[in-house]
Trainee: 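The following block contains the structure, expressed as structure tokens.
Everything numeric in this text was worked out from a predicted model, so none of it was measured. Because only heavy atoms are used, hydrogens play no part in the values below, and waters and symmetry mates are left out as well, while side chains stay in.
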Amino acid sequence: MPHFIIDCSENVVRIKSADEIMKEVFDAAFSTGLFTASEIKVRINPFAFYNNGNTLDDFIHVFAYILEGRNDDQKGNLSKVIVTKLVSVLPDVPVISINIQDFEKANYFNKSMV
């Protein structure tokens, strides 16, 4: 737990490799102290086909899913740290954003809990 799913235009992974982008998100999330390294999962989905406000401007959007229990300040800082890192390594990408959603403990279940 947490899961960071990165959607981006296909051109973004031509500018910086998928592995490099995922590492930047991983490192940024880890740097907040909210998660251990073994908890962080990162995936990336480059899109060849998209409509970004009726343009084909490059974009990155990170969907972050974390276990409930962090406060708004912690989540706000996590968002800021990740977007700031992505802006620093991909300054020419015009749209970089993130949103964070909580997993509820009451309805989360995985294989290790069987």
Trainee: Taking Asn52's backbone N and O only, do any of them form a donor-acceptor pair with Thr55's side chain (distance below 3.5 Å, no angle check)?
Mentor: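 Flag set: sc Thr55 to bb Asn52 pair under 3.5 Å.
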
Trainee: Any chance you could lay out the side chain to side chain donor-acceptor pair (under 3.5 Å) test for Asn110 and Ser112, step after step, and finish with the verdict?
Mentor: CA-CA 6 Å; Asn110 68 32; Ser112 70; 2.7 Å; yes

Trainee: Could you tell me which non-hydrogen atom of Ala106 sits nearest to which non-hydrogen atom of Glu68, and how far apart they are?
Mentor: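 So the two residues come closest at N-OE2, 4.4 Å.
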
Trainee: Return yes when atom CG of Asn107 has more than 12 non-hydrogen atoms of other residues, nucleotides or ligands closer than 6.0 Å, and no otherwise.
Mentor: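 Above 12, so yes.
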
Trainee: Treating Ile, Leu, Val, Met, Phe, Trp and Tyr as nodes and any side-chain heavy-atom pair under 4.5 angstrom as an edge, say whether Val89 and Ile98 lie in one connected cluster.
Mentor: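 Same cluster: Val89 reaches Ile98 through Ile, Leu, Val, Met, Phe, Trp or Tyr contacts under 4.5 Å.
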
Trainee: If you measure from CD on Gln101 to NE2 on His3, what distance do you get to the nearest 0.5 Å?
Mentor: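 Between atom CD of Gln101 and atom NE2 of His3 there are 12.5 Å.
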
Trainee: How close do Phe35 and Phe4 get, counting heavy atoms only, and between which atoms?
Mentor: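 Heavy-atom minimum between the residues: CE1-CZ, 4.1 Å.
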
Trainee: To the closest 0.5 Å, what do you measure between CD1 (Ile44) and OG (Ser17)?
Mentor: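 Nearest 0.5 Å value for the CD1-OG distance: 8.5 Å.
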
Trainee: Taking only residues two or more places apart in sequence or in another chain, which ones pass side-chain contact (heavy atoms from CB on, under 4.5 Å) with Asn71?
Mentor: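 Only Asp73, Gln74 meet the side-chain contact (heavy atoms from CB on, under 4.5 Å) criterion with Asn71.
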
Trainee: Pick from Val13, Val62, Ile82, Asn45: which one makes a side-chain contact (heavy atoms from CB on, under 4.5 Å) with Ile6?
Mentor: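 Of the listed options, the one satisfying the test is Val62.
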
Trainee: Heavy-atom count check: over 12 atoms from other residues, nucleotides or ligands less than 6.0 Å from Asp72 CG?
Mentor: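 No, CG of Asp72 has 12 or fewer neighbouring heavy atoms, counting only those of other groups under 6.0 Å.
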
Trainee: Could I get the full list of side-chain contact (heavy atoms from CB on, under 4.5 Å) partners for Lys111, not counting sequence neighbours?
Mentor: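 In terms of side-chain contact (heavy atoms from CB on, under 4.5 Å), with neighbours along the sequence ignored, Lys111 is linked to no residue.
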
Trainee: Rounded to the nearest 0.5 Å, what's the gap from CE on Met22 to CD1 on Ile40? Could you check?
Mentor: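 CD1 of Ile40 is found 13.5 Å from CE of Met22.
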
Trainee: Could you measure the distance from the CZ atom of Phe26 to the OG atom of Ser31? Nearest 0.5 Å is fine.
Mentor: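 That separation rounds to 11.0 Å.
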
Trainee: State whether the side chain of Ser9 and the backbone N or O of Phe59 hold a donor-acceptor pair below 3.5 Å, judged by distance alone.
Mentor: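 Judged by distance alone, yes, a pair lies under 3.5 Å.
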
Trainee: Answer yes if Leu78 and Val87 sit in the same cluster of Ile, Leu, Val, Met, Phe, Trp and Tyr residues linked by side chain heavy atoms under 4.5 Å apart, and no otherwise.
Mentor: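 Per the 4.5 Å side-chain linkage, Leu78 and Val87 are co-clustered.
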
Trainee: Determine whether Val42 and Ile15 fall in the same hydrophobic cluster, where Ile, Leu, Val, Met, Phe, Trp and Tyr are linked whenever their side-chain heavy atoms lie under 4.5 Å apart.
Mentor: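 Cluster IDs for Val42 and Ile15 match.
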
Trainee: Between Lys105 and Leu67, is any pair of side-chain heavy atoms under 4.5 Å apart?
Mentor: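 In contact.
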
Trainee: Apply the test side-chain contact (heavy atoms from CB on, under 4.5 Å) to residues Asp27 and Lys85: give CA-CA distance (whole Å), side-chain angles for both, the deciding distance (0.1 Å), then the verdict.
Mentor: CA-CA 9 Å; Asp27 290 346; Lys85 175 49 82 172; over 6 Å; no

Trainee: Cluster question for you: counting only ILVMFWY and a side-chain heavy-atom cut-off of under 4.5 Å, with indirect links fine, are Ile66 and Phe30 together?
Mentor: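 Yes, Ile66 connects to Phe30 through the hydrophobic network.
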
Trainee: Taking the side chain as every heavy atom from C-beta outward, state whether Ile21 and Leu86 have any pair of such atoms under 4.5 Å apart.
Mentor: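 Side-chain contact under 4.5 Å: yes.
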
Trainee: Should we say atom CZ of Phe109 is surrounded by more than 12 heavy atoms from elsewhere, each under 6.0 Å from it?
Mentor: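 More than 12 within 6.0 Å, yes.
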
Trainee: Please find the pair of heavy atoms, one from Ser79 and one from Ile100, that lie closest to each other, and give the distance.
Mentor: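 Ser79 and Ile100 have their closest heavy atoms at OG-CD1, 3.2 Å.
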
Trainee: Identify whether Ile5 and Tyr108 are in the same connected component of the hydrophobic contact network (ILVMFWY, side-chain heavy atoms under 4.5 Å).
Mentor: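 Yes, because Ile5 and Tyr108 connect within a single hydrophobic cluster, where side-chain heavy atoms sit under 4.5 Å apart.
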
Trainee: So, the side chain of Lys41 versus the backbone of Glu39: is there a donor-acceptor pair under 3.5 Å, distance only?
Mentor: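 Yes: the side chain of Lys41 pairs with the backbone of Glu39.
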
Trainee: So, does Asn11 use its side chain to make a donor-acceptor pair with the main chain of Asp58 at under 3.5 Å?
Mentor: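 No: the side chain of Asn11 does not pair with the backbone of Asp58.
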
Trainee: According to the interplanar angle, ranging from 0 to 90°, do the rings of Tyr65 and Phe103 count as parallel (below 30°), tilted (30 to 60°) or perpendicular (above 60°)?
Mentor: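 Tilted.
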
Trainee: Looking at every non-hydrogen atom in both residues, tell me the closest pair between Phe47 and Asp7 and how far apart they are.
Mentor: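 Nearest heavy atoms, Phe47 then Asp7: CE1-CG, 3.4 Å.
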
Trainee: Let me confirm one number: the CD1-CG distance from Ile96 to Leu90, rounded to the nearest 0.5 Å.
Mentor: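 That separation rounds to 6.0 Å.
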
Trainee: Do you know which two heavy atoms are closest between Lys75 and Asp102, and how far apart they sit?
Mentor: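 Heavy-atom minimum between the residues: NZ-OD2, 2.9 Å.
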
